[in-house]
Amino acid sequence: MKSLQGQRAIVTGASRGLGRGIVEALVAEKMHVVAVVRDAARLESLGRELGAEPVLADITDDDAAGRIMRDAGPDLVVLCAGAMPPLGSLHEQSWEGFSHNWEIDAKSTFFWLRHALRLPMKPGGHVIVISSGAALRGSPVSGGYASAKRAQWFMADYTATEAQRMKLDLRVHCLLPNLNPSTALGRAGIAAYAQRAGVSADEFAKRFGPPVTPAIMGRAVVELSQDANAKWNQLAYKVTGAGLVPLD
């Protein structure tokens, strides 16, 4: 395993949930972490709490993404930010609600990955896209969420392909965490599916086994980043309560 000490990372969606767990794990490895957040009121306190450099930005702002990438000169970029999808069956959705995650999750991933290739990132750079297990299974109560998450997976694949074509020394991974109660999005999704199935939220959550936690997510990112022997040489992996799991 290689040391991450002294390296620089950018993490989007850093203020809460899985993103916060990733920041904490990277800071524990003595990386300098630029934590991209959107809550101006919590900017200073987040810096103190996380031991990271907080930066206020809209993740869907193309210019901001490029500026942050250029200023930080990162060894690692983790794209973890995303939006809460409007919940409801297909016939209950509006197009504006259905496409919401395309306008946030997919759009922001497009911008940040494009900058990783265009700058380009320094040799040995690493990008990790946090998608969702919904990209594997679908999500019929959350509009376009699953398709936007699948698009993130495709874009990670395209980035890896273009990096190879451009002869860039750039590693790319896409992580697909199980539905879990560690985020507001996960809790809302579990509640919606539980109601649909006629069971309690706790009973429905048990279907996913031990839950993914922010700490588990952070360890998964560290493990991928420390992999000097290319053990984790596939593009995409599931993240469960047991950590990183290869796709079937």
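All values below were derived from every heavy atom in this structure, side-chain atoms included, with hydrogens, water molecules and symmetry-related copies excluded.
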Where do [X] and [Y] come nearest, in terms of heavy atoms and distance?
| X | Y | result |
| --- | --- | --- |
| Trp102 | Ala148 | NE1-N, 3.6 Å |
| Ile130 | Met217 | CD1-CE, 3.4 Å |
| Ala160 | Leu235 | CB-CD1, 4.4 Å |
| His173 | His126 | ND1-NE2, 2.9 Å |
| Leu87 | Ser142 | CD2-CB, 4.0 Å |
| Pro211 | Ile216 | O-CD1, 3.7 Å |

Mind checking salt bridge (charged side-chain N to carboxylate O under 4.0 Å, His left out) for [X] and listing every partner two or more places apart, or none if nothing turns up?
| X | value |
| --- | --- |
| Glu162 | Arg165 |
| Lys122 | Asp75 |
| Asp62 | Arg114 |
| Arg150 | none |

Residues in side chain to side chain donor-acceptor pair (under 3.5 Å) contact with [X], at least two apart in sequence or another chain:
| X | value |
| --- | --- |
| Thr60 | Asp58 |
| Glu49 | Arg20 |
| Gln164 | none |

Counting only heavy atoms not in [X], do more than 12 sit closer than 6.0 Å to its [atom1] atom?
| X | atom1 | result |
| --- | --- | --- |
| Lys2 | NZ | yes |
| Arg137 | CZ | yes |
| Glu53 | CD | yes |
| Met166 | CE | yes |

For the residue pair [X] and [Y], establish whether any side-chain heavy-atom pair is separated by less than 4.5 Å.
| X | Y | answer |
| --- | --- | --- |
| Leu18 | Cys80 | yes |
| Pro54 | Arg42 | no |
| Met121 | Met69 | yes |
| Leu113 | Val129 | yes |
| Leu117 | Tyr158 | no |
| Leu175 | Leu224 | yes |
| Pro74 | Val34 | no |
| Glu24 | Pro214 | no |

Can you tell me how far apart [atom1] ([X]) and [atom2] ([Y]) are? Round to the nearest 0.5 Å.
| X | Y | atom1 | atom2 | answer |
| --- | --- | --- | --- | --- |
| Ser132 | Gln152 | OG | CD | 8.5 Å |
| Leu50 | Leu46 | CG | CG | 5.5 Å |
| Asp227 | Trp232 | CG | CH2 | 8.0 Å |
| Met1 | Ser3 | CE | OG | 9.5 Å |
| Ile22 | Ser225 | CD1 | OG | 9.5 Å |
| Gln226 | Arg219 | CD | CZ | 12.5 Å |

Apart from Leu90 itself, residues in the same hydrophobic cluster as defined by side-chain heavy atoms under 4.5 Å: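 Under the 4.5 Å side-chain rule, Leu90 groups with Trp95, Phe98.
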Is [X] linked to [Y] within one hydrophobic cluster, defined over Ile, Leu, Val, Met, Phe, Trp and Tyr using a side-chain heavy-atom separation of less than 4.5 Å?
| X | Y | answer |
| --- | --- | --- |
| Ile104 | Tyr145 | no |
| Met31 | Ile10 | no |
| Met84 | Ile59 | no |
| Val127 | Val78 | no |
| Ile68 | Leu170 | yes |

Side chain to side chain donor-acceptor pair (under 3.5 Å) pairs, two or more places apart, involving residues 5-18: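 Found none.
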N/O donor to acceptor pairs below 3.5 angstrom from side-chain atoms of residues 237-248, sequence neighbours left out:
from, atom 1, to, atom 2, distance (Å)
Tyr237, OH, Asn233, N, 3.1
Tyr237, OH, Gln234, N, 2.9
Thr240, OG1, Ala242, N, 3.0

Residues 182-193 side chain polar contacts: donor-acceptor under 3.5 Å, at least two apart:
from, atom 1, to, atom 2, distance (Å)
Ser182, OG, Asn180, OD1, 3.4
Ser182, OG, Val212, O, 2.8
Thr183, OG1, Gly186, N, 2.9
Arg187, NH1, Pro181, O, 2.9
Tyr193, OH, Ser139, OG, 3.0

Pairing residues for Trp153 by the ring-ring contact (aromatic ring centres under 6.0 Å, His included) criterion, not counting sequence neighbours: none
